[in-house]
2 protein chains.
Amino acid sequence: MNLETKYWHLHNHKLMNVLSSAELKEICLITNFKTAKKGEIIYFSHDESSRVYTLKRGTIKIVEIDAKGNEIVKDILQEGDLFGQFTLTDQTLDEYAIAVSDYVTCCSFRMDDFEKIIERNPALALRYTKWMGFRLKRLENRYANLVFKDVRTRLIEFLKDWASKEGTNTQDEIILKNYLTHQDIASLICSTRQTVTSLFNDLKEKGVLDYTRTEIIIKNNALLAL
Amino acid sequence: MNLETKYWHLHNHKLMNVLSSAELKEICLITNFKTAKKGEIIYFSHDESSRVYTLKRGTIKIVEIDAKGNEIVKDILQEGDLFGQFTLTDQTLDEYAIAVSDYVTCCSFRMDDFEKIIERNPALALRYTKWMGFRLKRLENRYANLVFKDVRTRLIEFLKDWASKEGTNTQDEIILKNYLTHQDIASLICSTRQTVTSLFNDLKEKGVLDYTRTEIIIKNNALLAL
DNA sequence: GAGTAAATGTCGGCTGGATGACCAAAACCG
DNA sequence: CGGTTTTGGTCATCCAGCCGACATTTACTC
């Protein structure tokens, strides 16, 4: 990938766009670009000395393998999101990122390099700081949900959230392009496949939504009422 | 409190000690010191425009009131820890900090001021960033524990952790000064008072520990074996 | 030290939702 | 197109641990 393309990518990035063009050009030199098709694995937690990735295009799943060998979907990330090793502590288990949309583009730096840039660029530092705060909040939220809400509620809130991010509104329904299996959804809301399946069917019976393997159609307002 | 004392406090702080003495002096001017005795409330999430606090001496509990009016202990903090509103999102519920050790000293700045300092001080920014990463990791860990471990294991790990932080080692036991009720412990590990009580008694029967209302005595190595 | 409030102890009933097992329907693939 | 894999559907079983209720002990207050 040529420098101009890199430049353009970074220039439009929500974190990087505070940098001057000279600084951007410098970053371009240390950046590594990567593209992947659906199903391809983008990164492994252990294979490289810690790198940070930013997702330029597409959607990815962050998956972790637990002690028993089960795959747990930890997160779904979209354009602009950061992933990889931000923290020094490297005791993370097997973790990898896999493309779920047809095409994915992302770029990465070595954490050390990124730190050097931060050190020389206070505005970026501040922004990075805020981004982390945001992340912290999100995790805290998830944690609270897990403690106080039952599976049904967690599923409904998950759907609401998803719909607000990626849903296409039509007359009286919201359409979601579904790239997740019930299993995936289950691990995102900390439940089991079977429970998710039967909740989906329950919601379908109640007329709240309809679904196939590739699409979820939410009747407008139906979710809000729950 | 006079400037010299402030200066000294900040000078020894794990975050602030990257600052030059001129910078430190500047921070002293915008800092607010506060002391509290056991049981006194130090801060409310809603009463001031967002401030960051650093704990200088003592131990505090961060407590949140949930929708049903229950008090949930979210965290126990010690010397050097930061608390308050770091994030812009201010939808936090009622949350407050209460002193659990006899004397507590902490200092605070307005978030805006802190941001200004960060903006002018990359080394501090980097350190702050790392600290947040650490926090993120910790929360992630907690989250994972909640999903994969049962209450018994969570309690044991909580005790191990506590012992390693604050335990006094003697010949063949570790002594913990206990300032938490079973209720507090329960909410820290996301369980109920009754369950904690009976687990404590179970562990006592098994000879793993002994306890009164003010002390927990852990037989050395006994916990490790579990 | 009496009286009250807070913390601990104990128990039985109850249930959300995990688990396992098995089948049906799609999707994938040579 | 037929065979294989992946995903979704359904059910019966089971249990950790929550919940309510109540007794007992310890601490706090005046």
Side-chain angles (χ1 to χ4, degrees), chain A residues 37-40 61 63 66 68-73 98 100 102 145-156 158-159 176-206 209-217, chain B residues 37-40 61 63 66 68-73 98 100 102 145-158 176-206 209-217:
Chain A
K37 285 182 198 162
K38 191 173 189 167
E40 280 180 13
K61 268 199 299 201
V63 182
D66 75 353
K68 291 166 224 138
N70 305 316
E71 299 200 333
I72 303 143
V73 179
I98 186 165
V100 295
D102 293 348
N145 267 350
L146 194 51
V147 179
F148 300 117
K149 315 242 169 104
D150 62 8
V151 176
R152 188 190 184 82
T153 314
R154 294 205 304 270
L155 177 62
I156 289 169
F158 171 78
L159 288 173
L176 274 170
K177 193 174 158 260
N178 182 19
Y179 44 81
L180 297 171
T181 67
H182 289 182
Q183 178 62 67
D184 288 341
I185 297 175
S187 60
L188 281 167
I189 63 173
C190 294
S191 178
T192 55
R193 207 215 83 220
Q194 294 92 319
T195 307
V196 169
T197 300
S198 57
L199 279 174
F200 258 96
N201 283 316
D202 183 52
L203 292 173
K204 190 195 237 173
E205 262 175 39
K206 299 228 165 87
L209 52 76
D210 210 336
Y211 71 100
T212 67
R213 285 186 191 198
T214 49
E215 233 184 17
I216 299 175
I217 299 152
Chain B
K37 285 181 199 162
K38 191 173 188 165
E40 281 180 11
K61 267 199 300 202
V63 183
D66 75 353
K68 290 165 225 138
N70 305 315
E71 300 201 332
I72 302 142
V73 179
I98 186 165
V100 295
D102 293 347
N145 268 350
L146 194 51
V147 178
F148 300 117
K149 314 243 170 105
D150 62 7
V151 176
R152 188 190 184 80
T153 313
R154 295 205 303 270
L155 177 61
I156 289 170
E157 295 198 347
F158 171 77
L176 275 171
K177 194 173 159 261
N178 182 19
Y179 44 80
L180 297 171
T181 67
H182 289 181
Q183 178 62 69
D184 288 341
I185 297 174
S187 61
L188 281 167
I189 63 172
C190 295
S191 178
T192 55
R193 208 215 82 221
Q194 294 93 318
T195 307
V196 169
T197 300
S198 56
L199 279 174
F200 258 96
N201 283 316
D202 184 52
L203 292 173
K204 192 195 234 172
E205 263 175 39
K206 298 228 165 88
L209 53 74
D210 209 338
Y211 71 100
T212 67
R213 282 185 193 200
T214 48
E215 232 183 19
I216 298 175
I217 298 153

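In the text below, chain A, chain B and the rest are named by the order of the sequence lines, each starting its count at 1. The shown structure was predicted, so the numbers you read here are calculated from the model rather than taken from an experiment.
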Within the structure provided, determine whether [X] and [Y] are in side-chain contact (heavy-atom separation under 4.5 Å).
X: B:Thr192; Y: B:Thr195; answer: yes
X: A:Leu176; Y: A:Tyr211; answer: no
X: A:Arg213; Y: A:Asn178; answer: no
X: B:Leu180; Y: B:Phe158; answer: yes

Ion pair check, [X] and [Y], cut-off under 4.0 Å:
X: A:Lys206; Y: A:Asp202; result: yes
X: B:Lys61; Y: B:Asp184; result: yes
X: B:Glu157; Y: B:Lys149; result: yes

Which residue lies toward the 5' end of DNA chain C, B:Leu180 or A:Ser191, if each is placed at its nearest nucleotide?
B:Leu180

Nucleic acid contacts - residues 194-201 of chain A versus DNA chain D, non-hydrogen atoms under 4.0 Å
A:Gln194, A:Thr197, A:Asn201

Do the side-chain N or O atoms of B:Tyr211 get closer than 4.0 angstrom to the phosphate oxygens (OP1, OP2) of C:dG9?
yes

Establish, with yes or no, whether the OP1 or OP2 oxygen of D:dC19 is under 4.0 angstrom from a side-chain nitrogen or oxygen of B:Thr192.
no

For the pair made of [atom1] in [X] and [atom2] in [N], what is the distance, rounded to whole Å?
X: B:Lys38; N: C:dA6; atom1: NZ; atom2: C1'; value: 14 Å
X: A:Gln183; N: C:dA27; atom1: CD; atom2: P; value: 19 Å
X: A:Ile216; N: D:dG8; atom1: CD1; atom2: P; value: 10 Å
X: A:Leu146; N: C:dG16; atom1: CG; atom2: C1'; value: 14 Å
X: A:Lys149; N: D:dC18; atom1: NZ; atom2: P; value: 19 Å
X: B:Asp150; N: C:dG16; atom1: CG; atom2: C1'; value: 17 Å
X: B:Asp184; N: C:dA7; atom1: CG; atom2: P; value: 8 Å
X: A:His182; N: C:dA27; atom1: NE2; atom2: P; value: 13 Å

Using every non-hydrogen atom in the two residues, find where A:Val100 and A:Lys38 come nearest and quote the distance to one decimal.
O-CE, 3.5 Å

Assess the residue pair B:Val151 and B:Val196 against the criterion (side-chain contact (heavy atoms from CB on, under 4.5 Å)); give the C-alpha distance rounded to whole Å, side-chain angles, the decisive distance to 0.1 Å, and a yes or no.
CA-CA 8 Å; B:Val151 176; B:Val196 169; 5.7 Å; no

If the sugar-phosphate is the primed atoms plus P, OP1 and OP2 and the base is the rest, what is the B/S/- string for nucleotides 22-30 of chain D, using protein heavy atoms under 4.0 Å?
---BB----

Which angle, to the nearest 10 degrees, lies between the helix axes at the two ends of the helix from C:dG1-D:dC30 to C:dG30-D:dC1, each defined by five pairs?
50°

Would B:Asp150 and B:Thr153 count as having a side-chain donor-acceptor pair, cut-off 3.5 Å?
yes

